[in-house]
Each structure stands twice: as structure tokens, then as C-alpha cells.
Amino acid sequence: MDNLLKSRISKGEKAYYASEYILPLLKTYEKEMLLSLEKGENIRKLHGMAYIIKKINDDIKRDISHGEDAKKMMINKSVNKE
């Protein structure tokens, strides 16, 4: 159980640091997609790109959330031992 929690904490921390670089980049792509849509770009292509951006964003947020939850569980576990 401890290894699982440590793994989730580690993954959450990595996702947090990655989000500082990736999330602003995703916002830029979102703006570019809107401009492409205004120019008449193929909506199917843009829909696929939008899905990928949303999936990456959701995965990052999920990993961060799981890491925070794992930290809380580790703290509770150590408090209960005392």
C-alpha cells in the first residue's frame, strides 16, 4: 500500500511540474484552433485536436488530484500510527 501511495505522490508531483509547461501550451493550441475554425478549417480535424487537448488536460488534473489524495492518506496513516 505504501508503494502505491508513494507512486501516486510521485506521479502527481511530476504532473504538477509538467502542467506548468504543458497547460499554457494547450491554451495556445486552443486559440490557434479557434482561429483555424474562423478561417474555415475542417471541423473534423479540429474536433480531433480538441479531444486530444481535453484528454491531456484531464489526465494532468487527475494525476495531480490522485497525488494530493495519496499525500493525505499517507499523513492520516502516520497520524493513526502515533
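The analysis underlying the following values was restricted to heavy atoms, covering all of them including side chains, and did not include hydrogens, waters or symmetry mates. Keep in mind that what you see is a predicted model, and the values were worked out from it rather than measured.
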Query raised in the report: Does a sphere of radius 6.0 Å around CE in Met73 hold more than 12 heavy atoms from other residues, nucleotides or ligands, not counting ones at 6.0 Å or beyond?
Result: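 Counting other residues, nucleotides and ligands, CE of Met73 stays at 12 neighbours or fewer.
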Query raised in the report: Where do Gly67 and Ile9 come nearest, in terms of heavy atoms and distance?
Result: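 It is O-CG1, 3.8 Å.
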Report task. Would you please name every residue forming a salt bridge (charged side-chain N to carboxylate O under 4.0 Å, His left out) with Lys54, sequence neighbours left out? Result ->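 Lys54: salt bridge (charged side-chain N to carboxylate O under 4.0 Å, His left out) contacts with Asp58.
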Query - Distance in Å, Glu13 CD paired with Glu68 CD, rounded so as to fall on 0.5 Å steps - result: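 Those atoms lie 10.5 Å apart.
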**Report entry** Pairwise distance CG(Asp63) to CD1(Ile60) - rounded to 0.5 angstrom
**Finding:**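 The distance works out to 8.0 Å.
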Query - Non-neighbouring partners of Asp69 that pass side chain to side chain donor-acceptor pair (under 3.5 Å), sequence neighbours left out - result: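 For Asp69, no residue satisfies side chain to side chain donor-acceptor pair (under 3.5 Å) once neighbours in sequence are set aside.
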Just distance, no hydrogens or angles: give the donor-acceptor pairs under 3.5 Å from side chains in residues 16-39, sequence neighbours left out.
unit_1, atom_1, unit_2, atom_2, d
Ser19, OG, Tyr16, O, 2.5
Thr28, OG1, Pro24, O, 3.1
Ser36, OG, Glu32, O, 3.0

